[in-house]
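Report on the structure given below.
Chain letters run A, B, ... following the sequence lines, proteins first and then strands; every chain starts at 1.
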There are 2 protein chains.
Amino acid sequence: MTKLADVAKKAGVSPTTVSRVINNYGAISQKTRSKVHEAMKELNYQPNSLARSLQGKKTQLIGLIFPSITNPFYAELIATIENQLFKNHYKVILCNAADDPQKERDYLNMLVSNQVDGIIVGTHAKGLKEYGEVKQAIVSFDRYLADSIPIIGSDNYQGAALAATELIASSAKNIYFLGNVHAGRDLQPTDQREIAFRKILSDHNLEPHFLPLTTDLSVNIKHMMIRDLLANNQKIDGIMTTDDLTALLTINVAQELSINVPQKLRVVGFDGTKFIQDFYPDLTTIAQPIPDIAELLITTLFKQIDEKVSYQNKHFILPNKLIKGGTTHSN
Amino acid sequence: MTKLADVAKKAGVSPTTVSRVINNYGAISQKTRSKVHEAMKELNYQPNSLARSLQGKKTQLIGLIFPSITNPFYAELIATIENQLFKNHYKVILCNAADDPQKERDYLNMLVSNQVDGIIVGTHAKGLKEYGEVKQAIVSFDRYLADSIPIIGSDNYQGAALAATELIASSAKNIYFLGNVHAGRDLQPTDQREIAFRKILSDHNLEPHFLPLTTDLSVNIKHMMIRDLLANNQKIDGIMTTDDLTALLTINVAQELSINVPQKLRVVGFDGTKFIQDFYPDLTTIAQPIPDIAELLITTLFKQIDEKVSYQNKHFILPNKLIKGGTTHSN
DNA sequence: CTGAAAGCGCTAACAA
DNA sequence: TTGTTAGCGCTTTCAG
């Protein structure tokens with residue numbers, strides 16, 4: 001590997017001078033500067049960022065810990081974050097926690113060990129307490145991790161309220177909530193969806209129904225459970241899900257059972273990714289503002305990194321939008 | 001940041017001893033070992049991997065350069081790779097090249113600068129010549145980059161032949177190929193799909209038709225182009241696409257135009273991700289063996305890293321599978 | 001079985 | 001405007 005000293009020798013200057021050219025600070029004659037640049041070019045020199053970071057300089061590395069990357073919602077969020085970070089000269093270390101606490105813990109240690117400048121956490125499993133002990137800047141997506149870690153998310157209550165209201169407006173009376181339900185554990189931001197659902201239905205004197213679907217279930221199992229629900233309960237005429245994929249599954253099942261959507265059954269999803277809008281525009285759903293979420297995650301992280309801002313019990317909430325499609329309105 | 005020296009002091013030993021415990025080599029008394037472990041625990045010590053790698057040790061970092069992460073195919077490939085690498089104690093730096101050669105070049109430099117142990121490249125834009133000049137281990141997915149860089153991919157010829165054969169078997173006569181067509185540039189592995197398509201149709205005395213769709217087109221534009229094609233050409237009765245998303249789009253358009261699939265129009269996709277099989281099981285498609293591809297990419301990379309194996313014009317080809325769905329056969 | 005000292009590639013006082 | 005020197009946190013000879 002060619003090193004700074006090689007460049008210095010080739011250019012006939014000291015290592016310091018080369019360093020100054022690279023980081024361009026201090027006063028350097030134009031002549032020296034070009035000599036150095038030429039030498040770098042000829043040797044195809046790339047500075048060793050490890051050595052550089054060892055001096056206390058930033059690594060320009062950000063760790064991303066997410067529960068999945070194949071889910072279109074996370075894929076789009078990760079892609080957006082990556083893109084923004086790249087523009088700010090940061091690189092991304094991708095950590096797929098896969099709902100495995102041990103893997104998440106190992107990854108966290110790795111990130112610390114690699115001296116990343118910051119960490120963005122989006123896991124939906126119960127948060128590791130270790131996050132609170134890390135000195136790195138951290139922000140969280142839609143999840144409480146520690147008092148000192150700011151949370152960014154969309155307005156789960158408002159979003160779910162929109163969904164429930166839309167179902168009721170499309171004259172559904174027998175409505176099910178499919179997805180994560182709050183089961184004894186501590187209340188997390190996403191649990192607001194269930195709370196809003198209960199509230200809106202109660203406001204309309206309707207009884208809320210639930211089919212709990214945890215994230216660890218395979219798609220086939222979920223499929224079977226939904227099929228079971230719809231096949232044995234002819235009265236169901238409205239379903240809201242906590243993600244669009246479950247909504248898709250529901251629609252597939254309805255088709256298998258020859259249940260007409262939206263005549264017999266109205267369906268509303270949640271997430272509203274570009275993917276769904278492109279390839280399943282018919283689905284009524286609640287769109288989370290992915291670009292805004294990504295931007296806010298990053299700016300909040302940068303405030304900690306660059307301005308040493310620290311947060312206490314801070315929760316940033318962004319509004320969701322209802323996208324009306326053919327699964328609640330026939331056209 | 002607590003450092004090795006802090007641990008040493010706390011344990012009342014020399015830094016050398018601590019280092020030996022961490023890397024567990026040399027001979028250490030059990031007593032010393034536990035003292036050190038205890039000190040590490042108490043101080044919540046994480047070794048600084050930058051300092052460690054500066055000595056020439058591996059960084060345990062692998063760069064992944066892909067054209068997209070939101071496309072389910074790449075998302076699944078990346079997820080599988082990440083998972084395998086994690087098991088081998090490697091971390092992933094995710095580089096979304098986004099079909100932008102400059103971004104790709106910048107990322108490559110960053111990866112070199114970060115001393116990654118290896119790079120897996122899956123970009124489908126024309127390969128940068130710079131890849132040939134890098135000293136790091138590199139493998140490529142389905143793309144020629146340089147003689148020294150091994151290529152791993154599925155059997156594009158065989159896959160496309162399966163697709164075309166399936167269309168013809170379902171009695172399609174007027175068949176279109178939708179997707180990347182080889183246009184003057186050098187021949188890449190994926191161009192075998194077009195070649196196979198031409199060959200199979202020619203074998204059956206059918207004329208091949210094409211709607212070129214480059215990857216830089218937005219989904220809306222593609223949608224429009226496909227709509228244009230189907231609306232103005234009633235005779236079309238078979239379509240094969242070079243990816244499943246385009247197939248989905250085609251089916252959506254057909255539905256808009258009230259063209260019955262598969263009675264009037266047979267459709268075959270390409271990629272066969274788990275995502276499609278879960279949420280669009282009806283689609284006939286060619287499934288690429290993502291787990292095998294990931295594994296072969298990694299083992300080929302590791303051979304270079306660990307055993308200093310070098311390759312010349314090596315091309316590993318894995319077989320595809322036809323998945324028969326309702327878009328070519330009515331049931 | 002343990003420690004002292006040199007050095008990985010780079011940056012940052014401090015001099016000149 | 002440029003160079004000398006020390007040192008980032010760790011590993012690794014070489015001694016003991």
Short side-chain N/O contact to C:dT2 OP1/OP2 from B:S14, under 4.0 Å: no

Any donor-acceptor N or O pair under 3.5 Å, side chains A:N83, B:N96: no

A:T32 side chain near D:dT2 phosphate (N/O to OP1/OP2, under 4.0 Å): yes

Nearest-angstrom distance from the residue atom CG of A:N24 to P of C:dT11: 12 Å

Backbone of A:F73 reached by a side-chain donor or acceptor of A:N71 within 3.5 Å: yes

Gap between atoms CD and P, on A:Q30 and D:dT2 respectively (whole Å): 10 Å

Which nucleotide in D:dT2, C:dT2, C:dG3 has an atom nearest any side-chain atom of B:S29: C:dT2

Flag for A:K303-A:Y311: side-chain donor and acceptor within less than 3.5 Å: no

Side-chain donor or acceptor of B:D117 paired with backbone N/O of B:Q60 under 3.5 Å: yes

Whether A:Y107 and B:F86 hold their rings parallel, tilted or perpendicular, with breakpoints at 30° and 60°: tilted

Under 4.0 Å protein heavy-atom contacts per nucleotide of nucleotides 5-16 of chain D, with B for base, S for backbone only and - for none: --BBBBSB----

Ring center gap for A:F141 and A:F66 short of 6.0 angstrom: no

